[in-house]
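Below is one structure, written out as structure tokens, with a few remarks after it.
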Protein chains: 2
Amino acid sequence: MATTPRERARAQTMADITRIGRQHLAEYGAAALSLRAVARDLGVVSSAVYRYVKSRDELLTLLLVDGYDDLGDAVARALAAAPGAPHGERFLVFGHAIRDWARAEPATYALLYGAPVPGYHAPAEQTTGPGTRVVRMLLELAAAALADDALRVPAPSAPAPPGLAAVFEGVREQFGIALPDDVLVAGMLVWAGLFGCVSFEVFGQYGPEGLGDDGAELFTRHLVLLGDALGLAVSG
Amino acid sequence: MATTPRERARAQTMADITRIGRQHLAEYGAAALSLRAVARDLGVVSSAVYRYVKSRDELLTLLLVDGYDDLGDAVARALAAAPGAPHGERFLVFGHAIRDWARAEPATYALLYGAPVPGYHAPAEQTTGPGTRVVRMLLELAAAALADDALRVPAPSAPAPPGLAAVFEGVREQFGIALPDDVLVAGMLVWAGLFGCVSFEVFGQYGPEGLGDDGAELFTRHLVLLGDALGLAVSG
DNA sequence: CGGATTTCGAGAGCACTGCTCTCGGTTCGT
DNA sequence: ACGAACCGAGAGCAGTGCTCTCGAAATCCG
């Protein structure tokens, strides 16, 4: 831990770069993220930042991981603020935390869940970890509800064909969560549906002016329906 | 209609530009769309294409409208191939048509339903028309099912607050379709959820290798659940 | 038919981007 | 104290969007 001055300076510069990068991301969007502009704001010539960041793509990866962490923190914080609430209530908190964060950080949200930036492929080894935090929280919520008998498990549907069964087994293994196939299918739908609702709102599919404050109300009703699909009673 | 040779040449050049633009979009993605590259493929110097297209953004709008039309045609074609089928069946056809098109044209799909291209704002007067074709088809499907008593209408939930009620009324007016609030809420969820599922698959949220052929099977199950949320029996 | 007008493509040019390279100066480990 | 590692500046290359001018061709109109 004997950090030399040079090491501390380097860490400081790295932090400055990501901070400025986050600002530019929020202000101009992902595809307009420019290393030269970051360098200008840093008060340094463009080639200097290449000492710290190998390429524009690496800066994007940095901001990607940063964004996943930020979103994960926000959701975890919101859930921690309602520790003993019923699972349906916690599901509402979970969903609204995602929506609130996405509306506060639309550019970062777009980087995480929008169209992939052309020519950029996120290195899986660095991004899958923080990237799966949110869906893991959702699956854990479902598992907790199931354990508390708060989940209305549907009549088992037709068994999954081998390929799909392997996918389910992979998910159970990756997350270390034992959920029956039907709950897993519903959980994935809830996951995708929730982000579909948020994306439509953030990306402007609901018209140029969006939904404004009524979006929260509509979103709650959508969460109720999604919770219903999962077998979770969200609202009396 | 007396098309002069010059007019025909201009129309031909415009068609060439959109054709090459579509190719580049599919090959390199939206943000990498370059007017200069299009000009090169057209065998012409870059400034020449500015005679036909005011800016890169206008080319994007051209391709945007083109994409909406293409998707709308694909879905309409698929639905037309199953004219007398029960509404649940038609809903499955509807969903899979969207998914199939999105997987075949991921870059165009990303342009329509992914994160908005930075700095680019689609002119509403040109894009809302073709852009609402798909959701209109979904609402018409729901209305047809309702008229045929094939929709299990849920017990009316709490009445919408004034702001949200105005949103619903606006949708009913815009599409000229009379649907009760609760069906409208479910329909919007189905819309967003469906595109959420497709986006997750196309944008690679299901891991680097995606779901492969099992995606269709899983998607069908998700459509069943979404249809259920709408009150539509999709599969016996 | 012939002059006036419009249209068009070519080319130069500006400001910007990502990225590489070299060249000095500072700091570090030994 | 000295060689090695590190770091910032600057030049440079190839690419981008977009603007401007200029000459040639096509069109319109008297």
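To find a chain, count down the sequence lines: A is the first, B the second, and so on, and within it residues start at 1.
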- Only counting residues at least two apart or in another chain, list the ones meeting ring pair (Phe, Tyr, Trp, His ring centres under 6.0 Å) with B:Phe91. none
- Note on the structure: Rounded to whole Å, the CZ-P distance (B:Arg10 to C:dT6) equals 15 Å
- Item | A:Gln174: side chain to side chain contact (heavy atoms under 4.5 Å, CB included) partners, not counting sequence neighbours | A:Thr132
- Round to a whole Å and report the spacing from CD of A:Gln12 to C1' of D:dC7. 16 Å
- Query: Is B:Arg172 reaching over with its side chain to a backbone N or O of B:Leu179, donor-acceptor style, under 3.5 angstrom?
  - Reply: yes
- Message: So A:Val45, base contact, sugar-phosphate only, or nothing? Heavy-atom distance under 4.0 Å.
- Response: base
- Item | Ring centres under 6.0 angstrom apart (A:Phe219, A:Phe200) | no
- Message: Walk me through whether B:Arg19 and B:Asp16 qualify under salt bridge (charged side-chain N to carboxylate O under 4.0 Å, His left out).
- Response: CA-CA 5 Å; B:Arg19 179 178 48 81; B:Asp16 286 348; 3.2 Å; yes
- Only one of A:Val75, A:Asp73, A:Leu79 clears side chain to side chain contact (heavy atoms under 4.5 Å, CB included) with A:Arg77; which? A:Asp73
- Message: Restricting to side chain to side chain contact (heavy atoms under 4.5 Å, CB included), what partner residues turn up for B:Ala107, sequence neighbours left out?
- Response: B:Leu25
- Taken in chain and number order and not counting sequence neighbours, the residues that satisfy side chain to side chain contact (heavy atoms under 4.5 Å, CB included) with A:Pro130 are A:Val65, A:Tyr68, A:Asp69
- Item | Whole-Å gap separating P (D:dG15) and NE2 (B:His24) | 14 Å
- Note on the structure: Heavy-atom contacts, protein to nucleotides 13-23 of chain C, under 4.0 Å, summarised as B (base), S (sugar-phosphate only) or - (none) per nt, yield B---BBBBBB-
- Item | Any A:Tyr52 side-chain nitrogen or oxygen under 4.0 Å from OP1 or OP2 of D:dG8 | yes
Quick test: give all pairs of protein nitrogen or oxygen and nucleotides 27-30 of chain C nitrogen or oxygen below 3.5 Å, distance rounded to 0.1 Å.
residue, atom, partner, partner atom, Å
C:dT27, O4', A:Arg6, NH2, 3.4
C:dC28, OP1, A:Arg6, N, 3.3

